[in-house]
J.: 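Take this structure, written in structure tokens, and hold onto it; I'll ask about it next.
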Amino acid sequence: MAVASATIHGAISIVSAIATGKGAALGISKKVNVEMETSHGNGIVIEMQNRPMKSRLINRVIQKIVPKSELSKTKLRISLDSEIPAGYGLKSSSAISTAVAMACAKLFKPNMNDTEILNAGIKASIETKVSLTGAYDDACACYYGGFVVTDNYNKKILKWSFKD
């Protein structure tokens with residue numbers, strides 16, 4: 001059995017990337033904590049604030065990182081604790097997908113870099129139709145904090161500013 005955790009903050013959109021592919025977002029202090037635990041068996045159990053839930057997005061992020069051979073012999077328990085309310089524009093989906101990707105990487109692919117972790121969540125967001133553009137701007141603001149301007153289609157940060 002192994003356990004990994006990840007904490008990622010939410011964000012707000014400043015400029016939507018839907019029209020041009022270029023967007024801007026700003027990280028906020030509200031956060032989501034993800035704890036992932038492995039055990040023998042198979043299947044994925046997801047809980048939010050100790051209540052069972054289903055999530056195509058979380059399942060897809062896991063599939064992007066965890067090899068099928070590992071998933072077939074590993075039971076995953078994912079526990080989410082979020083301060084970010086869903087549906088209020090605070091980028092809860094980007095924060096959750098990125099936190100799940102980070103926890104998966106810690107357990108199964110410790111050499112994954114930041115770009116690979118972000119791309120797993122972004123691709124899962126597009127594939128599950130949570131986002132049209134993948135919300136690269138939102139994911140970067142959640143992951144790095146501060147203010148980011150991105151080219152979502154080319155997955156590039158054009159400007160990043162952070163003050164502590």
Side-chain angles (χ1 to χ4, degrees), residues 3-37 46-49 53 55-66 76 78-164:
V3 177
S5 60
T7 300
I8 297 289
H9 291 263
I12 57 170
S13 284
I14 306 294
V15 176
S16 172
I18 292 173
T20 65
K22 297 197 173 51
L26 177 68
I28 62 172
S29 62
K30 299 265 184 220
K31 63 185 180 280
V32 62
N33 297 305
V34 170
E35 185 176 280
M36 187 175 291
E37 181 181 308
I46 306 167
E47 296 176 340
M48 182 169 234
Q49 268 97 2
M53 68 174 279
S55 170
R56 289 183 357 254
L57 177 61
I58 291 173
N59 284 310
R60 186 61 58 95
V61 170
I62 291 166
Q63 292 167 1
K64 295 268 172 221
I65 297 173
V66 183
L76 289 176
I78 297 103
S79 178
L80 303 165
D81 184 18
S82 182
E83 298 174 348
I84 308 167
Y88 286 88
L90 300 178
K91 311 311 166 198
S92 59
S93 294
S94 290
I96 288 170
S97 64
T98 304
V100 169
M102 184 183 281
C104 277
K106 287 179 180 180
L107 288 171
F108 295 96
K109 292 187 178 176
N111 294 325
M112 277 184 87
N113 63 37
D114 295 342
T115 301
E116 293 168 325
I117 290 169
L118 282 168
N119 282 337
I122 290 162
K123 288 176 184 173
S125 292
I126 291 170
E127 290 172 11
T128 58
K129 302 193 181 339
V130 170
S131 171
L132 293 173
T133 66
Y136 188 69
D137 50 342
D138 300 340
C140 286
C142 291
Y143 192 78
Y144 296 115
F147 174 73
V148 295
V149 178
T150 64
D151 178 340
N152 283 18
Y153 296 136
N154 294 305
K155 310 290 184 282
K156 291 191 179 188
I157 295 176
L158 304 174
K159 179 166 179 61
W160 178 54
S161 176
F162 185 82
K163 281 206 171 187
D164 197 17

J.: Do Tyr136 and Asn154 come close enough that some side-chain heavy atom pair is under 4.5 Å?
T.: no

J.: On a heavy-atom basis, which atom in Met48 and which in Ser82 lie closest, and how many Å separate them?
T.: CE-CB, 3.7 Å

J.: What are the two closest heavy atoms between Ala103 and Val34, and how far apart are they?
T.: CB-CG1, 4.2 Å

J.: Of all residues at least two apart in sequence or in a different chain, which pass the side chain to side chain contact (heavy atoms under 4.5 Å, CB included) check with Ala4?
T.: Lys106, Leu107

J.: At what distance, to the nearest 0.5 angstrom, does CZ of Arg56 lie from OG of Ser125?
T.: 11.0 Å

J.: Can you tell if the side chain of Val3 reaches within under 4.5 Å of the side chain of Glu35, non-hydrogen atoms only?
T.: yes

J.: How far apart are the closest heavy atoms of Ala6 and Met102, and which atoms are they?
T.: CB-SD, 3.6 Å

J.: Asp137 and Ala25: which non-hydrogen atoms are nearest, and at how many Å?
T.: O-CB, 3.7 Å

J.: State whether the side chain of Thr98 and the backbone N or O of Ala95 hold a donor-acceptor pair below 3.5 Å, judged by distance alone.
T.: no

J.: When you look at NZ of Lys155, are more than 12 heavy atoms from neighbouring residues, nucleotides or ligands closer to it than 6.0 Å?
T.: yes

J.: Please examine the side chains of Asn33 and Ser5, heavy atoms only from C-beta on, and report whether any two atoms are closer than 4.5 Å.
T.: no

J.: Got a second to check how far His9's NE2 is from Lys31's NZ, nearest 0.5 Å?
T.: 6.0 Å

J.: Does Glu116 have any salt bridge (charged side-chain N to carboxylate O under 4.0 Å, His left out) partners at least two apart in sequence or in another chain, and if so, which?
T.: none

J.: Looking at Ala124 and Lys64, what are the two nearest heavy atoms and their distance?
T.: N-CE, 4.2 Å

J.: Could you measure the distance from the CG atom of Asp151 to the CD1 atom of Ile157? Nearest 0.5 Å is fine.
T.: 11.5 Å

J.: Would you say that more than 12 heavy atoms from the other residues, nucleotides or ligands in this model lie under 6.0 Å from the NZ of Lys109, or not?
T.: yes

J.: Is any side-chain heavy atom of Leu76 closer than 4.5 Å to a side-chain heavy atom of Met36?
T.: yes

J.: Flag the pair Asp81 / Gln49 as yes when at least one side-chain heavy-atom distance between them is below 4.5 Å, and no otherwise.
T.: yes

J.: State, with a plain yes or no, whether a side-chain heavy atom of Val15 is found less than 4.5 Å away from one of Val149.
T.: no

J.: For Lys129 and Ile126, indicate whether the former's side chain and the latter's backbone hold a donor-acceptor pair under 3.5 Å.
T.: no

J.: What distance separates Ser79 OG from Glu37 CD, expressed to the nearest 0.5 Å?
T.: 9.5 Å

J.: Side chains of Leu118 and Tyr144, heavy atoms from C-beta outward: is any pair under 4.5 Å?
T.: yes

J.: So with a 6.0 Å cut-off around OH of Tyr153, is the heavy-atom count from everything else above 12?
T.: yes

J.: In Å and rounded to the nearest 0.5 Å, what is the CD1 to SG distance from Ile84 to Cys142?
T.: 6.5 Å

J.: Taking all atoms of both residues into account, what is the closest heavy-atom pair of Ile28 and Ala11, and its distance?
T.: CG1-N, 3.6 Å

J.: Would you check if Thr150 and Leu158 make a side-chain contact, meaning some heavy-atom pair closer than 4.5 Å?
T.: no

J.: Out of curiosity, Ile78 CD1 to Ser55 OG, how far, rounded to the nearest 0.5 Å?
T.: 9.5 Å

